[in-house]
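Before any comments, here is the structure.
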Amino acid sequence: MIDTEDMDRRTFLTGAGAGVAFAARAQNQPKKQFVEERVERITAPPKPALAINHLGFLPGGKKIVIFRLTGEAPAEFVLRDIGSQPKPPELHRRFTRVTSDLGDCLVGDFSDIERPGMYQVTAGSEKSVPFFIRDDVWQRTLAKAVSYIHSQRCGQEVPNVHPACHLDDARQRDTGEHIDTTGGWHDAGDLRKWVSATILNGIALIGLTRSLGDKWDAAGSGVKTLLDEARWGNTYFLKMQDKDGRVRNDVAGGVNGDNSDNHWTDNQTGTPDDRYINPAKPASVQALFTLFEGMMANAFGDADAAYGQQCLHAALRCWDAANRFGGTGDLAWWAMAAAELDRATGGVKYRNYAINFGSQIVSLQNTEFSNGQKLVRGWFRASGNSPEPYVDVVHGALPVLALLRLIEAYPNVEEAEAWRDAVKRHLDEYVLPMAARSPYRIVPFGIFRGSPSPELYRPLEGKLTYRFFMPVRHTDWWVGTTSHLESYAHALSLASKILGKRAYRDLALRQLEWVMGANPFGACLMTGEGMRNPYPHSRFVGLIPGGIMNGIAGNARDEPILDIENGFDWRTTEYWTPHNAYYIQAVASLAAMRAAFES
């Protein structure tokens, strides 16, 4: 990656969270000259105009096909069961024209078709990718998404991916002292090991054991496979905990914003190519570490009590050493961490902390219509000191996810009713109306007060504006919104299960469908699934089956952009840990929710 990407990704991953960072930059933002990048000109071509989820659909789920009006305008679409022989049955349906902020489209609905099989849609001169209607249409991809995590292992040979690597990690950047920090996972299409990103792998793996247990993989991999992989990553995280109890930020993240540590090494300690440990200890890393170690303590409590206690001890040391405050995102992580420690230790200490953090999150919600408009409310502020809306391209739904986890853990406490109200307010009065602004039903990146940077902010009402994608003239670091959408898919599926509202499930699926091909490019963003996959920015090992890319971003006009020209663009096509982590959690939540509804 180029140095600019390294510097700004580094700022993002070491900061107090994107929501707080974005709000801070919105105040007194210095003027900066930006140069339009090549990828900003790669907007969706006229064809394919037909967009549909490449995986397919659940039998009882919503089934939508979209046809962009870029030329022809067919009046109807034809659905064929192409798995039936000798003559495939056909169904003809009329399109409905929809005018939206992402362009005019024709929308077709065949949700009433529930018979399992392989289907294909024809509209005008185009045919869709063949797709399934089947019960496991999403769950069958979990094994591939989990295998991607294994392929990113650092410190050992991964057959058919890379040889044993980085056995000389690493030396302290400030003192030069060598500290064994081997192991863990490479973070993205590179070889670096950010704790704040890669620890999301572990959270997703343990979450998968809780959601589906041994049923997560029909091939019979079992829970042990997930626990073994989480334990591999945790060997590295435990090594990153310093003597003071706090956790260092990364290995090989770069020195002074450069890209110098992003390389293979000779695996010999004490030679010039040894990589560096970043001694910084950001607040968000402490919260994430405490949460994950608490999850590990609970996961291994019976299977390996001694190891479980080691993880719990590490979590408690970090909890005691950290400053447990910050912006909305930090509070959300600490709320979940406290609930996890309560589960591991019992008593009331951590339970009270969890409930208090939940109350703080609720206090940050905008409960009234404000800024001269009456269209949306229920969004969260970036922090207690900022009026700016919370936005985060990775953890967009984080405040709601934290409240949902608290509702699961403490459904009968007095505060739970306020948590439920806050979740419903956010989803019903912010997420649902904002997602309705395009036929794809994706949750826009965020709302803003005015126009914080010189580019298009779409008018909402009053002083509020919004963008479907990250601003590209606000900072140098911007990427596609895959994790943002998947985090909302996770939150909406959890909310559907907890609050019993199927509309949340339907919207959760639309977020995932965008990632899997129902987008203006007709491109599936997971390697090894679907069609028209961009070649990923994976500069050291190439294609990794199950890897998910940063995805579709926006240009200064907030138009969808994606590198479909094999340009190795990191902003839209790089693999990155959060995408697989949130995908795994969202799909697992949907499967668990479906089982709950059926029972």
Side-chain angles (χ1 to χ4, degrees), residues 55 58 132 134-161 183-186 198-238 291-312 340 343-344 405 408 486 490 493-494 497 512 526-529 544-548 577 579-599:
L55 298 184
L58 296 170
F132 282 114
R134 56 190 286 177
D135 288 330
D136 64 347
V137 69
W138 290 101
Q139 191 170 335
R140 63 193 283 268
T141 65
L142 282 174
K144 194 171 291 183
V146 169
S147 73
Y148 166 84
I149 297 175
H150 182 83
S151 295
Q152 289 282 48
R153 280 192 177 190
C154 179
Q156 70 168 49
E157 178 187 8
V158 181
N160 302 317
V161 182
W185 299 292
H186 299 144
T198 59
I199 205 165
L200 299 175
N201 280 336
I203 291 171
L205 292 167
I206 300 303
L208 183 53
T209 69
R210 293 179 178 179
S211 294
L212 299 178
D214 284 327
K215 296 180 180 179
W216 77 273
D217 180 15
S221 299
V223 165
K224 185 178 184 302
T225 297
L226 304 176
L227 294 179
D228 287 348
E229 193 63 44
R231 190 164 182 164
W232 171 268
N234 197 37
T235 302
Y236 165 70
F237 301 134
L238 290 172
L291 168 60
F292 177 57
E293 295 305 328
M295 296 178 75
M296 291 292 282
N298 287 312
F300 283 89
D302 294 328
D304 188 336
Y307 180 68
Q309 283 299 308
Q310 179 187 357
C311 296
L312 179 59
E340 207 61 48
R343 181 173 177 173
R405 290 304 188 192
E408 282 188 314
E486 291 173 340
H490 182 28
S493 60
L494 274 180
K497 177 185 175 184
L512 296 177
M526 175 188 278
T527 298
E529 290 287 346
I544 305 178
I548 304 176
T577 297
H579 311 321
N580 277 68
Y582 271 121
Y583 181 85
I584 289 168
Q585 292 178 90
V587 171
S589 295
L590 284 164
M593 173 273 300
R594 189 164 183 268
F597 272 131
E598 290 175 349
S599 64

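Note that the structure is predicted; figures quoted are calculated from it, not measured.
- Here the closest non-hydrogen pair linking S151 and V161 is O-CG1, 3.6 Å.
- Atoms CG and OG, on L226 and S221 in that order, are 8.0 Å from each other to the nearest 0.5 Å.
- Note that the SG atom of C311 and the CG atom of L238 stand 5.5 Å from one another [nearest 0.5 Å].
- Note: L312 CG to M296 CE = 12.5 Å, rounded to the nearest 0.5 Å.
- Counting only heavy atoms from C-beta outward, the side chains of R153 and E229 approach each other to under 4.5 Å.
- Between V137 and R140, the shortest heavy-atom contact is O-CG, 3.6 Å.
- Applying the salt bridge (Lys or Arg N to Asp or Glu O under 4.0 Å) criterion to K215, with sequence neighbours excluded, gives no partner residue.
- A side-chain donor-acceptor contact under 3.5 Å links K144 to the backbone of G528.
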Tabulate below the donor-acceptor pairs under 3.5 Å that side-chain atoms of residues 198-209 make, not counting sequence neighbours, or state none.
from : atom 1 : to   : atom 2 : distance (Å)
T198 : OG1    : W194 : O      : 2.8
T209 : OG1    : I206 : O      : 2.6

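- Residues R405 and L494 are in side-chain contact: their nearest non-hydrogen atoms beyond the backbone lie under 4.5 Å apart.
- To the nearest 0.5 Å, the span separating CZ on R231 from CG on L227 amounts to 9.5 Å.
- From D217, atom CG reaches atom OG1 of T225 across 7.5 Å, with rounding to the nearest 0.5 Å.
- Using modelled atom types, one side-chain atom of N580 and one backbone atom of G546 make a donor-acceptor pair closer than 3.5 Å.
- Between F237 and F292, the ring-plane angle classifies as perpendicular under the 30° and 60° cut-offs.
- Heavy-atom minimum distance, P545 versus S147: O-OG, 3.9 Å.
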| task | Go through the steps for W185 and Y236 under the test side chain to side chain contact (heavy atoms under 4.5 Å, CB included), then give the verdict. | result | CA-CA 8 Å; W185 299 292; Y236 165 70; over 6 Å; no
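- Between A145 and M526, the closest heavy-atom pair is CB-CE, 4.2 Å.
- Note that CG of L590 is 7.5 Å distant from CG of L58, once rounded to the nearest 0.5 Å.
- Put simply, the side chain of E529 reaches to within 4.5 Å of the side chain of T141, judged on heavy atoms.
- Closest approach of A592 and S211 over heavy atoms only: CB-O, 3.8 Å.
- Side-chain contact between N298 and R210: present, with at least one pair of heavy atoms (C-beta onward) separated by less than 4.5 Å.
- A 4.5 Å side-chain heavy-atom check between F300 and N234 finds every atom pair outside the cut-off.
- Nearest heavy-atom pair, A297 versus G308, reported as atom, atom and distance to 0.1 Å: CB-O, 3.4 Å.
- With D214 contributing its side chain and V223 its backbone, the two residues share a donor-acceptor pair below 3.5 Å.
- Remark: side-chain polar atoms of Q585 are paired, donor with acceptor, to backbone N or O of A581 under 3.5 angstrom.
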| Stepwise, does the side chain to side chain contact (heavy atoms under 4.5 Å, CB included) test hold for L142 with L212? | CA-CA 11 Å; L142 282 174; L212 299 178; 3.8 Å; yes
